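Report on the following structure.
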Amino acid sequence: GGVVSLEIILGLIIAVIIDQRANRFLKYFLRTAYFFPYVISATAVALVWHLLLNPDLGIVNYYLGKLGIGRINWLFSTQWARVSVILVETWKNVGFYVVVFLAGLQSIPQQLYEAAEVDGAGRLQQFFHITLPLLSPTTFFLVVIGLINAFQVFDMPYVLTRGGPGGATRTVVMYIYETGFRFFNMGYAAAVSLSLFAFIAVFTFIQFRMSEKWVFYR
């Protein structure tokens, strides 16, 4: 949930900045640049970040040292391992949110902003009273897709931390994998898989029912 919230907030902020500040060519370039990590294999991304976040030889700690910040045990500390997985997962996926939000922003009629300016509304008022309500279907789509994907995360934490330390970054899918393919308890793994499917289905249904209160369709 925290990862999805961070991805949506960052994606929205970046998309609004690109939409308002960039020209047509720059929009195309930035959209491509942000979306590129999303299409790369999660395993490849995790391997690269595993090297970058290495406590002893990683470039992240090297530059933090230049700033006078002590060495951070990114991947082998219970506290920082979770942070590392969240940051890498966000870095990889935020481009998808940016591209979808940009598509939603471009579908908002410009006349609404012009009318709001005539009425004396500032940028902040336009954002909260025009942009956010008209982006609510896009936001709802991203929330549903993001939470479904979050429940199925496996490759990123598995490659980065193997679920450690002490199970701090172990996900449900990783638990299913270990139960079925490491301990060969296939029956129990199948039961957990079915439970996960049922939970996601019920959770998604609840989201659709709650969306009637905050999603506005033109």
Side-chain angles (χ1 to χ4, degrees), residues 1-15 17-18 26 29-102 142-143 145-185 189 192-193 196 200:
V3 177
V4 177
S5 301
L6 183 60
E7 289 169 345
I8 287 177
I9 292 170
L10 281 178
L12 178 58
I13 292 172
I14 294 169
I17 292 173
I18 292 175
L26 191 56
F29 172 77
L30 291 174
R31 188 169 55 208
T32 305
Y34 276 107
F35 191 69
F36 184 69
Y38 182 75
V39 299
I40 300 175
S41 164
T43 302
V45 170
L47 286 172
V48 171
W49 276 100
H50 191 279
L51 295 174
L52 295 176
L53 295 173
N54 185 283
D56 300 313
L57 305 174
I59 195 171
V60 175
N61 271 350
Y62 173 78
Y63 281 108
L64 287 178
K66 292 286 187 181
L67 297 173
I69 301 174
R71 184 174 65 89
I72 296 176
N73 199 8
W74 292 104
L75 302 175
F76 307 105
S77 160
T78 303
Q79 176 186 359
W80 287 107
R82 292 195 187 102
V83 174
S84 301
V85 172
I86 290 172
L87 290 177
V88 176
E89 195 75 35
T90 302
W91 180 87
K92 184 184 187 307
N93 294 332
V94 73
F96 172 75
Y97 292 81
V98 171
V99 169
V100 176
F101 271 129
L102 276 172
L142 290 174
V143 168
I145 294 297
L147 286 173
I148 290 174
N149 289 336
F151 285 122
Q152 301 178 77
V153 168
F154 171 78
D155 38 14
M156 193 72 72
Y158 184 77
V159 176
L160 277 175
T161 62
R162 298 289 178 180
T169 58
R170 180 173 284 107
T171 64
V172 177
V173 178
M174 195 181 299
Y175 176 73
I176 293 170
Y177 166 77
E178 291 175 347
T179 303
F181 295 98
R182 286 184 60 187
F183 304 112
F184 301 104
N185 192 347
V192 177
S193 301
L196 177 62
I200 292 174

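Just so we're clear, the structure is a prediction, and the values are computed from it rather than from any experiment. Excluded from the calculations below are hydrogen atoms, water molecules and symmetry mates; all remaining heavy atoms, backbone and side chain alike, are included.
Note that the CG atom of Asp155 and the CG atom of Leu160 stand 9.5 Å from one another [nearest 0.5 Å]. Of the inter-residue distances, the one linking Ile86 atom CD1 with Met156 atom CE reads 12.5 Å to the nearest 0.5 angstrom. The distance from atom CG of Asn93 to atom CD1 of Ile145, rounded to the nearest 0.5 Å, is 12.0 Å. In this structure, the separation between CG on Asn149 and CD on Glu89 is 9.0 Å, given to the nearest 0.5 Å. Here the OH-OG distance, from Tyr177 to Ser193, works out to 13.5 Å after rounding to the nearest 0.5 Å. Here the straight-line distance linking atom CG of Asn73 with atom OG of Ser84 works out to 9.0 Å at 0.5 Å rounding.
Each of Leu53, Val60, Leu64 was scored for a side chain to side chain contact (heavy atoms under 4.5 Å, CB included) with Ile72, with one residue passing: Leu64. When the options Thr161, Val159, Leu75 are evaluated for a side chain to side chain contact (heavy atoms under 4.5 Å, CB included) with His50, the one that passes is Leu75.
At a threshold of 4.5 Å between non-hydrogen side-chain atoms, the residues Val153 and Val173 do not count as touching. Side-chain contact between Tyr158 and Thr171 is absent, with no heavy atoms from C-beta onward closer than 4.5 Å. Residues Val98 and Leu102 meet the side-chain proximity criterion, which asks for heavy atoms closer than 4.5 Å. Proximity of Trp74 to Asn61: side-chain heavy atoms (C-beta onward) are separated by under 4.5 Å at one or more points. Looking at Phe101 and Ile8, their side chains come closer than 4.5 Å, going by heavy atoms from C-beta outward.
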>> side chain to side chain contact (heavy atoms under 4.5 Å, CB included), that's the test. Do Val100 and Tyr97 meet it? Break it down for me.
In response: CA-CA 5 Å; Val100 176; Tyr97 292 81; 6.0 Å; no
>> For a side chain to side chain contact (heavy atoms under 4.5 Å, CB included) check, start with the C-alpha distance between Thr90 and Leu10, then their side-chain angles and the critical distance, and finish with the verdict.
In response: CA-CA 9 Å; Thr90 302; Leu10 281 178; 3.8 Å; yes
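What you find for Asp56 and Arg71 is that their closest heavy atoms are OD1-NH1, 3.5 Å. The two residues Gly164 and Thr169 have their closest heavy-atom pair at O-OG1, 2.8 Å. Of all the heavy atoms in Ala168 and Thr78, the pair that sits closest is CB-CG2, 3.7 Å. Of all heavy-atom pairs spanning Glu178 and Arg170, the tightest one is OE1-NE, 2.9 Å. Between Ser77 and Pro165 the shortest heavy-atom distance is C-CG, 3.5 Å. In terms of heavy atoms, Gly11 sits closest to Val94 at N-CG2, 3.7 Å.
Applying the 6.0 Å contact sphere to OH of Tyr34 captures no more than 12 heavy atoms from other residues, nucleotides or ligands.
Scored by the ring-ring contact (aromatic ring centres under 6.0 Å, His included) test, Phe35 finds Tyr38 as partners (sequence neighbours excluded). Under the rule for a ring-ring contact (aromatic ring centres under 6.0 Å, His included), Phe29 has no partner lying at least two apart in sequence or in another chain.
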